Amino acid sequence: FFFFKQKTAYEILSGLVGSEMCIRDRYQRFESAMGKLKKRADTRNNVLDNKLAQLQEEFEKKEAQLQEVVQRAGFEQKFVDEITKRMEEAIEAKNSLLRSLKYSLAHAQKAYNDAIRVYEAKLVEFGIPAEGLGLELLETNTSTCLLYTSDAADEGLGVDLGGRRIMTK
């Protein structure tokens with residue numbers, strides 16, 4: 001027969017008090033960190049608000065100058081509105097193209113970095129030091145986490161950016 005000592009109510013209560021203190025300490029650190037973060041965010045927001053106000057003022061000046069030029073040239077407002085509409089459409093098309101190109105660039109950088117990581121891992125697996133080969137990762141603003149499908153993750157298999165499994169033979 002095995003006998004286990006049962007904890008007394010006092011022992012259980014003292015353990016809970018310690019846990020509550022730990023939780024309270026963590027909460028206080030969290031509150032402090034959130035306060036600092038809020039202060040930094042408020043400062044950044046004030047800077048951005050000031051910059052936005054400055055840009056809005058410059059825009060209004062430029063718009064007034066444009067209206068003066070249009071009036072002096074004798075253009076009809078319908079003609080000016082049509083040109084403005086076409087310019088806005090062209091700018092939006094260019095912005096859309098830029099967003100697409102930025103995404104494609106990030107995708108290609110991630111694929112390159114993933115390929116380098118896999119290559120270095122294989123070199124190490126075969127006992128070849130990867131340090132002297134000069135393989136360098138590209139600096140990116142994207143996440144460096146590996147992608148996994150649920151069943152591939154269960155099996156410990158990686159997948160490439162297209163969702164295809166990276167198989168080891």
Side-chain angles (χ1 to χ4, degrees), residues 23-124 129-154 156-167:
I23 291 169
R24 190 176 330 120
D25 289 345
R26 285 183 182 173
Y27 182 74
Q28 288 173 347
R29 285 188 299 214
F30 172 76
E31 285 291 320
S32 173
M34 290 306 294
K36 290 176 185 176
L37 183 63
K38 184 181 182 315
K39 187 176 179 181
R40 283 197 325 235
D42 288 344
T43 301
R44 287 181 184 169
N45 284 340
N46 288 336
V47 168
L48 289 174
D49 284 342
N50 292 338
K51 188 169 184 172
L52 180 62
Q54 180 185 8
L55 290 173
Q56 183 67 32
E57 186 178 319
E58 288 179 27
F59 173 74
E60 289 170 359
K61 285 180 184 177
K62 297 290 183 184
E63 191 173 35
Q65 290 173 348
L66 177 62
Q67 288 300 327
E68 185 179 334
V69 169
V70 167
Q71 286 177 352
R72 286 186 181 176
F75 293 132
E76 293 181 20
Q77 189 61 37
K78 184 178 178 182
F79 175 71
V80 173
D81 291 344
E82 182 64 29
I83 291 174
T84 302
K85 180 181 172 187
R86 287 184 184 177
M87 287 176 59
E88 287 173 352
E89 289 172 353
I91 290 170
E92 180 53 38
K94 298 293 182 185
N95 285 338
S96 178
L97 179 61
L98 281 173
R99 284 189 298 272
S100 176
L101 289 172
K102 285 180 180 179
Y103 175 78
S104 295
L105 176 62
H107 190 272
Q109 288 173 327
K110 174 106 173 72
Y112 173 83
N113 286 344
D114 288 347
I116 293 296
R117 286 184 186 101
V118 169
Y119 186 67
E120 286 177 338
K122 286 295 179 185
L123 288 173
V124 170
E131 294 83 29
L133 296 178
L135 301 174
E136 294 183 20
L137 297 177
L138 297 174
E139 190 172 321
T140 65
N141 294 330
T142 59
S143 172
T144 57
C145 65
L146 296 175
L147 301 175
Y148 294 98
T149 61
S150 60
D151 60 336
D154 292 341
L157 301 172
V159 290
D160 68 6
L161 290 173
R164 296 174 299 270
R165 290 185 190 192
I166 299 172
M167 303 297 247

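Computed from a prediction, not measured in an experiment: that's the story for all the values here.
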- Message: Would you compute the distance between atom CD of Glu139 and atom CG of Leu137 and round it to the nearest 0.5 angstrom?
- Response: 10.5 Å
- Note on the structure: The reported gap from CD in Glu89 to NZ in Lys85 (rounded to nearest 0.5 angstrom) is 5.5 Å
- Message: Between Lys78 and Asp81 (salt bridge meaning N to carboxylate O under 4.0 Å), is one present in this structure?
- Response: no
- Pairs in or reaching into residues 61-96: which pass ring pair (Phe, Tyr, Trp, His ring centres under 6.0 Å), with residues at least two apart or in two chains? Phe75-Phe79
Under 4.5 Å between any side-chain heavy atoms of [X] and [Y], yes or no?
X	Y	value
Glu120	Val124	no
Leu101	Leu105	no
Glu136	Ile116	no

Can you list, pair by pair, the side-chain donor-acceptor contacts under 3.5 Å of residues 50-67, counting residues two or more places apart and other chains?
from: Asn50; atom 1: ND2; to: Asn46; atom 2: O; distance (Å): 3.3
from: Gln56; atom 1: NE2; to: Glu60; atom 2: OE2; distance (Å): 3.3

- Message: Using a 3.5 Å distance criterion without hydrogens, assess whether the side chain of Ser96 forms a donor-acceptor pair with backbone atoms of Glu92.
- Response: no
- Message: Looking at Asn113 and Leu138, would you say the former's side chain and the latter's main chain have a donor-acceptor pair under 3.5 Å?
- Response: yes
- Ile91 meets the side chain to side chain contact (heavy atoms under 4.5 Å, CB included) criterion, sequence neighbours left out, with Asn95
